[in-house]
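Below, chains carry the letters A, B, ... as their sequence lines are ordered, and counting in each starts from 1. These numbers come from the heavy atoms of this one structure, side chains and all, not from hydrogens, waters or symmetry mates.
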Amino acid sequence: MKSTPQSLNELLQRAEAMAGLNLGELARLNQIPVPQDLKRDKGWVGQLIEIELGADAGSKAQQDFLHLGVELKTIPINRYGKPLETTFVTTTPLINVKSLNFYDSLVFHKLQQVLWVPVEGERDIPIADRRVGTPFLWQPDPMELSLLRQDWEEIMEMIAMGKVENITARHGEVLQLRPKAANSKALTESITENGTIKLTNPRGFYLKTQFTSQVLAKVFAG
DNA sequence: GACTGATCATTA
DNA sequence: TAATGATCAGTC
């Protein structure tokens, strides 16, 4: 197990050292077996990168490198550098919605500073052959922040009003709310329209591919 | 090809 | 159950 990086520079240097390597090489360095496909190992790539970079494992609702204020996200891309999937941000509280202040939200805290690690993700490339792209540190600019805030406020207001089940993945320009659970039978508490409690499928916030696509394009342009 | 709802592994 | 890590797969 690698030690956790002590500084932002150390983290970035480790990240840059991964660029161009494929997942097979990375797995071998860390003595981890490579799955045939990701059907039953959907988080495998993310966990491999965590290990390589020395993120402390665990299921804390916190940034991966808390002491550095950095959240780590791998993002599967196609041959043109476009994201193949939406990006999960955080689970959503559906009850005890205390504040509708975006800057107090878990979404804001996680997205303040993200280390993006693009990885080839097309399914016709064997897992071990998929290459890691150039990682980069991202902070949302004022425009991006404003878009995120608008979507977040709209969605959280609906939750607070007891309208969780009326929210579809179409709400929001850049941020969407979708199921995030073991399956559709999983239940968690949420607010009803008259303020009482009911049970619904847990939800999470995801970044739409259009948004992450622009984030990537801005960095790799020119 | 993008989008959306559903799903998988693991840990605590 | 809920948090972490996400991708799968059917439909539009």
What is the distance, rounded to the nearest whole Å, between atom [atom1] of [X] and atom [atom2] of [N]?
{"X": "A:Q47", "N": "C:dA6", "atom1": "CD", "atom2": "P", "value": "8 Å"}
{"X": "A:L72", "N": "C:dT4", "atom1": "CG", "atom2": "C1'", "value": "12 Å"}
{"X": "A:K208", "N": "C:dA6", "atom1": "NZ", "atom2": "C1'", "value": "19 Å"}
{"X": "A:Q62", "N": "C:dT4", "atom1": "CD", "atom2": "P", "value": "9 Å"}
{"X": "A:H109", "N": "C:dA3", "atom1": "NE2", "atom2": "P", "value": "16 Å"}
{"X": "A:L94", "N": "C:dT1", "atom1": "CG", "atom2": "P", "value": "14 Å"}
{"X": "A:F211", "N": "B:dA2", "atom1": "CZ", "atom2": "C1'", "value": "18 Å"}
{"X": "A:W44", "N": "C:dT4", "atom1": "CH2", "atom2": "C1'", "value": "17 Å"}

How long is the straight-line distance from [atom2] of [Y] back to [atom1] of [X], given to the nearest 0.5 Å?
{"X": "A:R203", "Y": "A:I155", "atom1": "CZ", "atom2": "CD1", "result": "11.5 Å"}
{"X": "A:R28", "Y": "A:L23", "atom1": "CZ", "atom2": "CG", "result": "12.5 Å"}
{"X": "A:L216", "Y": "A:I77", "atom1": "CG", "atom2": "CD1", "result": "7.0 Å"}

Report task. Assert yes or no for the condition that the ring centre distance of A:F220 to A:F136 is strictly below 6.0 Å. Result -> yes

Query raised in the report: Between A:S184 and A:R170, which is nearer to the 5' end of DNA chain B once each is assigned its nearest nucleotide?
Result: A:R170

Quick one: label [X] by what it contacts on the DNA or RNA (base, sugar-phosphate, nothing), any heavy atom closer than 4.0 Å.
{"X": "A:A182", "value": "base"}
{"X": "A:L84", "value": "nothing"}
{"X": "A:D64", "value": "sugar-phosphate"}
{"X": "A:Q63", "value": "nothing"}
{"X": "A:K110", "value": "sugar-phosphate"}

Any side-chain N or O of [X] under 4.0 Å from OP1/OP2 of [N]?
{"X": "A:Q176", "N": "B:dT4", "value": "yes"}
{"X": "A:T90", "N": "C:dA3", "value": "no"}
{"X": "A:T91", "N": "C:dA2", "value": "no"}

Requested in this report: For A:V97 and A:M156, run side-chain contact (heavy atoms from CB on, under 4.5 Å): C-alpha distance rounded to whole Å, both residues' side-chain angles, the deciding distance at 0.1 Å, then the answer.
Outcome: CA-CA 8 Å; A:V97 179; A:M156 287 309 289; 3.8 Å; yes

Query raised in the report: Is the closest side-chain donor-acceptor distance between A:S7 and A:N9 under 3.5 Å?
Result: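 Checked: A:S7/A:N9 side chains show no N/O donor-acceptor pair below 3.5 Å.
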
Requested in this report: Would you kindly say whether A:T200 and A:S190 are connected by a side-chain donor-acceptor distance under 3.5 Å?
Outcome: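 Distance-only check passes for A:T200 and A:S190.
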
Query raised in the report: Ignoring hydrogens and angles, does a donor from either the side chain of A:K180 or the base of C:dG5 sit under 3.5 Å from an acceptor on the other?
Result: yes

Requested in this report: Looking only at side-chain atoms of A:R40, point me to the closest of B:dC8, B:dT4, C:dT4.
Outcome: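 Among B:dC8, B:dT4, C:dT4, the one nearest the side chain of A:R40 is B:dC8.
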
Query raised in the report: Could A:D37 and A:R123 be called an ion pair, given the rule that one side-chain N must be under 4.0 Å from one carboxylate O?
Result: no

**Report entry** Contact letters for nucleotides 7-12 of chain C, in which S counts primed atoms plus P, OP1 and OP2 and B counts the base, heavy atoms under 4.0 Å
**Finding:** BBB---

